[in-house]
Visitor: 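Supplied in structure tokens, the structure appears directly below.
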There are 2 protein chains.
Amino acid sequence: MEDLRFDYGDETPELVKRQLSRLAGMTSGLMSRIAAEALGEVGAHKFHFVVLAALDEFGPASQSVIADRTRVYRSDLVAVLNELADGGWIVRAPDPADKRRNTITITDAGRERLAELDAVLAGVNERIMAPLDAEERRQLFALLGRVNAHLAAGG
Amino acid sequence: MEDLRFDYGDETPELVKRQLSRLAGMTSGLMSRIAAEALGEVGAHKFHFVVLAALDEFGPASQSVIADRTRVYRSDLVAVLNELADGGWIVRAPDPADKRRNTITITDAGRERLAELDAVLAGVNERIMAPLDAEERRQLFALLGRVNAHLAAGG
DNA sequence: CCGTTGCGTTAGTGCCACTAACGATGTATA
DNA sequence: TATACATCGTTAGTGGCACTAACGCAACGG
């Protein structure tokens, strides 16, 4: 869509203003652009962040376990890991116990990179939620989280 | 992404759970699928709905005015209007005052179709917001709407 | 030993968001 | 009156993303 403002007052049909999926879609589109631009400025992609976060919190893991934890498709994860390995942020090594598997381990540089990306995304979050106070931010997370859990469970 | 549940408890990194853009993206992805499936069952697309809603509320308009009101790209609007015309829900006629322009008018069948799509989307809204009571629904709209307005204004 | 499953990878497909450019038309200015 | 610029609607794309299928190698269970 051309631009992603949901409500243009008198110019937006009332029936359209009632659609939560449109509001959520447009708002999420704006948020994605902002996050992608911010991450792009440090040469990163959102999947870099979630993969490093999973490795940092849970320790070394196989590609399929990482895919499960991050919800990145196995086929897409290959390129993400290639980029992280090329940057020196992870090491990819065959698992001696099972040659089908690689074990992916975060490096010290990877932890630093994660801290950098986390700071970038903290800035994005601050920007995105700027109009809301602390209680409203909590509420927005809670409400969207409940809707997400409901729909993901087949609701 | 593989599936769009945001929070798998202990399996989801804490740093990832803090990202509103990820929560909004995954939740909106679920909502879009549900809306697309529901509309697909009556042979419709979301742009059909917003275009008919704009014509019904504001009256006949040119393609570029409709594009402005619905935020559908002019290039994409061509196919949408083709489908609506083929279905007998709109009429596309040259504007005698300016041969560059078409005037698009909703038909009686188009108003009935709008009512049908509105009912389908009312069902989608009910399903999406099922975990929330009336006050929480109002709050979610309000919070997302404020964030949307802020970001769309360049925040 | 063999059939089935798992792992990682490659090779796609289809759709969507979006842009560029064209021909016809209208307008403003010199 | 002619010309330059802008508008309208349309066609023709592009790039990226969400997603699936299939392959070769490896492991496991019966």
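Chain letters run A, B, ... following the sequence lines, proteins first, then strands; residues in each count from 1.
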Visitor: Side chains of A/Arg92 and A/Asn82: do they bring a donor and an acceptor to under 3.5 Å?
Guide: yes
Visitor: Less than 4.0 angstrom from a charged side-chain N to a carboxylate O is my criterion; do B/Asp3 and B/Arg5 meet it?
Guide: no
Visitor: Rounded to whole angstrom units, what separation is found between the CG atom of B/Leu77 and the P atom of D/dT11?
Guide: 12 Å
Visitor: Quickly work out the A/Ile66 CD1 to C/dG6 P distance and round it to whole Å.
Guide: 19 Å
Visitor: To the nearest Å, how far apart are A/Asp98 CG and C/dT5 P?
Guide: 17 Å
Visitor: With hydrogens left out and only the distance checked, is there a donor-acceptor pair under 3.5 Å joining B/Ser64's side chain and the base of D/dT7?
Guide: no
Visitor: Please list residues of residues 99-107 of chain B whose heavy atoms come under 4.0 Å from any atom in DNA chain C, ordered by number; otherwise none.
Guide: B/Lys99, B/Arg100
Visitor: Given A/Ile106, which of A/Leu84, A/Asp56, A/Val91 fulfils the side-chain contact (heavy atoms from CB on, under 4.5 Å) condition?
Guide: A/Asp56
Visitor: Quick check: are there more than 12 heavy atoms from other residues, nucleotides or ligands sitting under 6.0 Å from CG of A/Asp86?
Guide: yes
Visitor: Does a nitrogen or oxygen in the side chain of B/Arg71 sit under 4.0 Å from OP1 or OP2 of C/dC18?
Guide: no
Visitor: Partners of A/Asp76 by salt bridge (charged side-chain N to carboxylate O under 4.0 Å, His left out), sequence neighbours excluded?
Guide: none
Visitor: Does A/Arg33 have a side-chain nitrogen or oxygen under 4.0 Å from the phosphate oxygens OP1 or OP2 of D/dG16?
Guide: no
Visitor: When you look at CG of A/Asp108, are more than 12 heavy atoms from neighbouring residues, nucleotides or ligands closer to it than 6.0 Å?
Guide: no
Visitor: Please state how far atom CD in A/Gln63 lies from atom C1' in C/dG6, giving the value in whole angstrom units.
Guide: 13 Å
Visitor: Round to a whole Å and report the spacing from CZ of B/Arg22 to P of D/dA18.
Guide: 11 Å
Visitor: Considering heavy-atom distances to DNA chain D, does A/Ala97 or B/Ser75 have its closest nucleotide positioned more toward the 5' end?
Guide: B/Ser75
Visitor: CE of B/Met26 versus C1' of D/dC17: gap in Å, rounded?
Guide: 15 Å
Visitor: Report yes or no: is there a donor-acceptor pair, N or O only, under 3.5 Å between the side chain of B/Asp76 and the base of C/dC16?
Guide: no
Visitor: Checking all strands, does B/Ser62 fall into the base, sugar-phosphate, or nothing category for heavy-atom contacts under 4.0 angstrom?
Guide: sugar-phosphate
Visitor: Check the phosphate of C/dT9 against A/Arg92, side-chain N and O only, distance under 4.0 Å to OP1 or OP2. Yes or no?
Guide: yes
Visitor: Could you state the interatomic distance from CZ (B/Phe58) to OG1 (A/Thr12), rounded to the nearest 0.5 Å?
Guide: 7.0 Å
Visitor: Rounded to the nearest Å, what distance is computed from the CG atom of residue B/Leu4 to the C1' atom of nucleotide D/dA18?
Guide: 10 Å
Visitor: Rounded to the nearest Å, what distance is computed from the OH atom of residue A/Tyr73 to the P atom of nucleotide C/dC7?
Guide: 18 Å
